[in-house]
**Q** 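Below is the structure I would like to discuss, written out as structure tokens.
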Amino acid sequence: MSDYIPSQIEAKWQAKWEADGLYQANIDPSKPKHYALTMLPYPSGDLHIGHWYAFIPSDAHARFMRMNGYNVLLPIGFDAFGLPAENAAIKEGIHPMKRTFENIERMRGQLRSMGAMWDWRREAISATPEYYKWTQWFFSQLYKHGLAYRKLSPVDFCPHCNTTLAREQVWGDDRHCERCGTPVIKKNLSQWFFKTTAYAEELLNYEGMDWPERVKVLQTNWIGRSEGAIVTFTTQSGETFEIFTTRPDTLWGVTFMVLSPEHPLVSRVTTPEQQAEVNAYQAQAARQSDIDREAADKEKTGVFTGAYAINPVNGEKIPIYIADYVLMTYGTGAIMAVPAHDERDFAFARKFGIEVRVVIQPADIPPLDGATMPASIPASGTMVNSGPLTGTSADQAFHAAIQYVTDRGFGKGSINYKLRDWLISRQRYWGAPIPMIYCEKDGWNPVPDTDLPVLLPEDVAWKPTGESPLKLHPTWKNARCPVCGGPAERETDTMDTFMCSSWYHLRYLSPQYDQGPFDPAQYDYWMPVDTYTGGIEHANMHLIYTRFFHKALRDMGITKGPEPMIQLRNQGMVLGEDNEKMSKSRGNVVAPDQLVERYGADAVRSFLMFFARWEMGAPWNSSGIDGTVRWLRRVWALVTDPAHNPNQVASDETRRLLRRRVHQMLRRVTRDFKQFEFNTIVSGLMELLNEMGKAREAGVYGTPEWNEAVDIYLRMLAPVAPHIAEQLWEQTGRKYSVHTQPWPQVDEEAAREDEITIPVQVNGKLRHRLVVPADASEADIRAAALSSEIVQKYLDGKPPRKVIVAQKKLVNIVI
RNA sequence: GGGGAAGUGGCGGAAUUGGCAGACGCGCAAGACUUAGGAUUUUGUGCCGUAAGGCGUACGGGUUCAAGUCCCGUCUUCCCCA
């Protein structure tokens, strides 16, 4: 017997699998297909243990599916554009392209050491022109179908560096610039958007999707559908403006209006006396984040504009304020304030001494008095002081009020979503250039498809001058107008990298294809993605974008079907040993390369599956991996070492019991694979190994039952620890490769127990264990329990008050 | 403030969903082998108790013959949103 030395077998098998093309996935109409996809990594340069935690169980599941007869596609690639590479370029002067492709090269090596069944022929890298040509083509398609548009929008801007910042470059509660520490401000810039809101309603439908409930809830909340009405108010000076309200029933309770400080009406209605105060407030509000501004528990602030609006339902004159708790980006950027029935409006009204007018009276409390009530009452009840609605219930009034404003022409029912259109523009270099050209005469037009890709120039300057490096390039932006042929300028912004990742699952299908983003034949066979795995942190960004993308493309006839990903599963996070999030600054990062070197990829794989519930994650425990190392060594020893006592001859009973346990465990492991319960797969294999060890001591080595046990064991092991499984498969004289073997079938007859142990409780406390034949009836069990010596002792001659026999699982005797 | 997830031995976690709490592993303890042990192996290991026995799934109630699991309330942690 030889020792188990992972380094000797892992590289050998990886090379052979690669040379044999064992994991190449090709269209095969004779087999059911399974497209398994794991969220693609960003090439940060070093593979993190978190990557392994995402990839390995996904790989094991894909291998399981393959052994179950599916033609499995498991691709890999890199989300290669993005900020970190560009920031490093600014700091260290290394070109993002150079750095990114060096990182990819390094990560490829790390990824290969994992022994996953990736089909590397399908590798796609989003930063290559062959890839981003099609990212740009999709942009053009969206533009041509009216789903991409340009508008003025506020962005975070550092006045010292004179540049716009991405959200993750704005730090701290005071929202300062990460580079110079200057507090950022909001600045209005013209930028490109995708109309995600056009699909808001459809995105709320998860029919036919096997997605975790929590992800659906996150998306539903993020999309934030609310029903209400849009009502047009008029200022005293005759300007009209719209407000969105979810409570049109409270229109008669409006005592003031609030505009967002950024609302265009503000400058037009503010009176000269109020101008200075309003300007100061606008400047201060621009410095705060939306989240801070809307915080319910925050002290309410605001300024009176000096202007008044007319309430269209009763002609009342009501003051117009500006306040930062009203956001320009939600609804219409203006609200009607009903302090009696809205918490924030109430806080504002009390602070500014504005009237609180009750229009809903809940049934079970004394009549409310607006002047003295301590808090707003959002509850339902009967309408009061509400003109024609008075006396109806608030529920009825909701619809009646919509009817009322609709009939009179100053409002209509409306559905509002919190979901906003997707801002695509980034004032950054390291991304796919937005393929648009601006001409003084013809305006914006897309770069003709035949001119794609719009190549990212390599010769750019890295100084943070405040403009996109593309804008400062001496010649790059010069172009010809696609319409008139005259001189024109390119868009110098690049695309959000979420754009690249919204369609990478399509590029994997045919990364070399140059007639379109993907080969339709490959699409028709492989799509949709059957199993998608990744972190839950992408629930509200990537997973909404990619669904939007698929639906928009479907409506253009490019993709098919309602959804791109049928089944979704999320892994949790591996924390550092200190129970904190792993990060270089905390010094708690676990380096997978060292672990692989020391313990072997199979042990690392096994431990990652074993040490926590996959969807939960857990803190890393470096000594825990010893357990899986020992287990694999014992597997090795059990299979390669002949019996210690060759003269021992196993009884028929021993052989039968071994077979039973093997098939019982096979049933359990099969079930757990289907349910993504990887930790119990490994613990089940450990358990079975312990039992096989005992059986071998009892002399089963070399019997047909033993050989079957080894056979089934290695097949079950193959998805978890593919190298050792392959090696032992070969060493026991089996035919290459274990990974092309079918998953074993459970022999239900062999797995059946012939005796079962029934716990017997007296008054709910365990007092006895009854062993009965498996086919014993409940009456038999009851009789056996009652007649047992121990139960007799507790009964002490008296009849039991009640006897419960629970489906051959347990007996409870109540005395 | 709203929504979601979670709370089980010294630790990570099991518990076929209302039916034997603590599988499996780490750690720990004792023994074997060994010049040695950070190798291997055997046994033990929820807590209290010498024992019989009792107590135990964050806390307090409830439903039930039976609750980690269901219901009500409280606390704590994490995530998302405001």
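Just so it is clear: chains get the letters A, B, ... in the order the sequence lines come, proteins before strands, and each one is counted from 1.
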**Q** Do Val811(A) and Val803(A) have side chains that approach each other closer than 4.5 Å (heavy atoms only, starting at C-beta)?
**A**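 Yes, at least one pair of side-chain atoms sits under 4.5 Å.
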**Q** Would rU17(B) be called syn or anti, given that syn covers angles within 90° of 0?
**A** syn
**Q** Below 3.5 Å is the cut-off: list the nitrogen or oxygen pairs between protein and nucleotides 15-17 of chain B, distance only.
**A**
none

**Q** What distance, rounded to whole Å, do you find between the two C1' atoms, one in rG18(B) and one in rG27(B)?
**A** 34 Å
**Q** On the nucleotide rG25(B), are OP1 or OP2 found under 4.0 Å from the side-chain N or O atoms that Asn690(A) carries?
**A** yes
**Q** Verify, without hydrogens or angle tests, whether Asn570(A) (side chain) and Gly534(A) (backbone) share a donor-acceptor contact under 3.5 angstrom.
**A**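 Indeed, once roles are kept as given, a pair shorter than 3.5 Å links the two residues.
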**Q** What's the CH2-C1' distance between Trp631(A) and rG13(B), to the nearest Å?
**A**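 Rounding to the nearest Å, CH2 of Trp631(A) and C1' of rG13(B) are 16 Å apart.
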**Q** Minimum heavy-atom separation for Val700(A) to Thr654(A), with atom names?
**A** CG1-CG2, 3.6 Å
**Q** Expressed as a whole number of angstroms, how long is the span from Asp626(A):CG to rG37(B):C1'?
**A** 14 Å
**Q** Would you say the side chain of Leu568(A) lies within less than 4.5 Å of the side chain of Met209(A), judging by non-hydrogen atoms?
**A** no
**Q** Could you check how far CD1 of Ile813(A) sits from C1' of rG19(B), rounded to whole Å?
**A** 14 Å
**Q** Any side-chain to backbone donor/acceptor pair from Asn812(A) onto Gly764(A)? Under 3.5 Å, distance only.
**A** yes
**Q** In sequence, state the C-alpha distance, the side-chain angles, and the governing distance for Arg247(A) and Asp342(A), and then conclude on salt bridge (charged side-chain N to carboxylate O under 4.0 Å, His left out).
**A** CA-CA 10 Å; Arg247(A) 298 298 302 269; Asp342(A) 179 275; over 6 Å; no
**Q** With a non-hydrogen cut-off below 4.0 angstrom, is Ala806(A) in contact with a base, only sugar-phosphate, or nothing?
**A**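 Since a base atom lies under 4.0 Å of Ala806(A), the category is base.
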**Q** Restricting both atoms to N or O, compile the protein contacts to nucleotides 63-71 of chain B shorter than 3.5 Å, with distance only.
**A**
| unit_1 | atom_1 | unit_2 | atom_2 | d |
| --- | --- | --- | --- | --- |
| rC65(B) | OP1 | Lys802(A) | NZ | 3.4 |
| rC65(B) | O2' | Asn812(A) | ND2 | 3.1 |
| rC65(B) | O2 | Asn812(A) | ND2 | 2.8 |

**Q** For a quick check under 3.5 Å, do His663(A) and Asp747(A) share a side-chain donor-acceptor pair by atom type?
**A**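 Asp747(A) and His663(A) do not have a side-chain donor-acceptor pair below 3.5 Å.
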**Q** Would you call the rings of Phe498(A) and His542(A) parallel, tilted or perpendicular, taking 30° and 60° as the class edges?
**A**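 Ring orientation of Phe498(A) relative to His542(A): parallel.
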**Q** According to the Watson-Crick and G-U wobble definitions, with both distances under 3.5 Å, which nucleotide is paired to rU45(B)?
**A** rG27(B)
**Q** What is the distance, to the nearest angstrom, from the CD atom on Gln664(A) to the P atom on rA23(B)?
**A**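 Computing the Gln664(A):CD to rA23(B):P distance gives 18 Å.
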**Q** Reckon Phe610(A) touches a base, only the sugar-phosphate, or nothing at all at heavy-atom distances under 4.0 Å?
**A** base
**Q** How far, in whole Å, is rU63(B) from rC72(B) if one measures between their C1' atoms?
**A** 11 Å
**Q** Between protein and nucleic acid, restricted to nucleotides 40-44 of chain B and to nitrogen or oxygen atoms under 3.5 Å apart, what atom pairs and distances do you find?
**A**
| unit_1 | atom_1 | unit_2 | atom_2 | d |
| --- | --- | --- | --- | --- |
| rU40(B) | OP1 | Arg633(A) | NH1 | 2.6 |

**Q** Kindly give the heavy-atom pair with the smallest separation between Val596(A) and Val604(A), and that separation in Å.
**A**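 Looks like N-CG2, 4.0 Å.
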**Q** Return the pairing partner of rU17(B) with a 3.5 Å limit on both distances, Watson-Crick or G-U wobble; otherwise return none.
**A** none
**Q** Using atom P of each nucleotide, how far apart are rA58(B) and rG7(B) to the nearest Å?
**A**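 Per the computed distance, 8 Å lies between those P atoms.
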**Q** So what does Lys765(A) hit on the nucleic acid, given a heavy-atom distance under 4.0 Å: a base, only sugar-phosphate, or nothing?
**A** sugar-phosphate
**Q** Give the rounded distance in Å between these two atoms: CD of Glu213(A) and C1' of rC80(B).
**A** 15 Å
**Q** Under a 3.5 Å distance rule, please check whether Ser260(A) uses its side chain to pair with a backbone N or O of Gly333(A) as donor and acceptor.
**A**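 Here the side-chain-to-backbone pair does not exist.
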**Q** Can you tell me the base-pairing partner of rC75(B)? Count Watson-Crick or G-U wobble geometry only, both distances below 3.5 Å, and say none if there is no partner.
**A** rG7(B)
**Q** List every contact pair, protein side and nucleotides 9-11 of chain B side both N or O, where the distance is under 3.5 Å.
**A**
none

**Q** In whole angstrom, give the distance that lies between atom CG of Leu766(A) and atom P of rC55(B).
**A**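 Rounded to whole Å, this separation is 14 Å.
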**Q** Of the residues in residues 745-755 of chain A, which ones touch RNA chain B at a heavy-atom distance under 4.0 Å?
**A** none
**Q** Identify the two heavy atoms, one from Pro744(A) and one from Arg715(A), that lie closest to each other, and give their separation to 0.1 Å.
**A**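 That closest heavy-atom pairing would be CD-CD, 3.7 Å.
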**Q** Round to a whole Å and report the spacing from CG of Leu632(A) to P of rG25(B).
**A** 13 Å
**Q** Both Asn679(A) and Ile536(A) contact RNA chain B. Which one's nearest nucleotide lies toward the 5' end?
**A**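 Here Asn679(A) is the residue nearer the 5' end.
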**Q** May I have all residue pairs that pass salt bridge (Lys or Arg N to Asp or Glu O under 4.0 Å) and include part of residues 329-339 of chain A, sequence neighbours excluded?
**A**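 Of all non-adjacent pairs touching residues 329-339 of chain A, none passes salt bridge (Lys or Arg N to Asp or Glu O under 4.0 Å).
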**Q** Please work out if Arg782(A) contacts a base, only the sugar-phosphate, or nothing of the nucleic acid, heavy-atom cut-off 4.0 Å.
**A**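 Since no nucleic acid heavy atom lies under 4.0 Å of Arg782(A), the category is nothing.
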**Q** Mind checking if Gly535(A) touches a base, just sugar-phosphate, or nothing, with heavy atoms under 4.0 Å?
**A**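 Nothing, no nucleic acid heavy atom in range.
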**Q** Do the ring planes of Phe610(A) and Phe607(A) sit parallel (below 30°), tilted (30 to 60°) or perpendicular (above 60°)?
**A**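 Rings of Phe610(A) and Phe607(A): tilted, as their planes differ by 30° to 60°.
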**Q** Distance check needed: rC79(B) C1' versus Gln219(A) CD, whole Å only.
**A** 16 Å
**Q** With rounding to whole Å, what would you report as the distance between rG60(B) and rG9(B) at their C1' atoms?
**A**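 One C1' to the other, the span is 23 Å.
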**Q** Using the ring of Trp211(A) (Phe, Tyr or Trp, six-membered ring only), decide whether Arg547(A) places NZ or CZ under 6.0 Å from its centre and within 45 degrees of its axis.
**A** yes
**Q** Quick one: do the Thr301(A) and Tyr325(A) side chains pair a donor with an acceptor below 3.5 Å?
**A** no
**Q** So, does Gln761(A) use its side chain to make a donor-acceptor pair with the main chain of Leu810(A) at under 3.5 Å?
**A** no
**Q** Judged by modelled atom types alone, do Ser623(A) and Asn621(A) share a side-chain donor-acceptor pair under 3.5 Å?
**A**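 Judged by distance alone, the side chains do pair up.
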**Q** Where does the angle between the aromatic ring planes of Phe64(A) and Trp743(A) fall among parallel (under 30°), tilted (30 to 60°) and perpendicular (over 60°)?
**A** perpendicular
**Q** Syn or anti for rG9(B), given that syn means the glycosidic angle lies within 90° of 0?
**A**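 Because its glycosidic torsion lies within 90° of 0, rG9(B) adopts the syn conformation.
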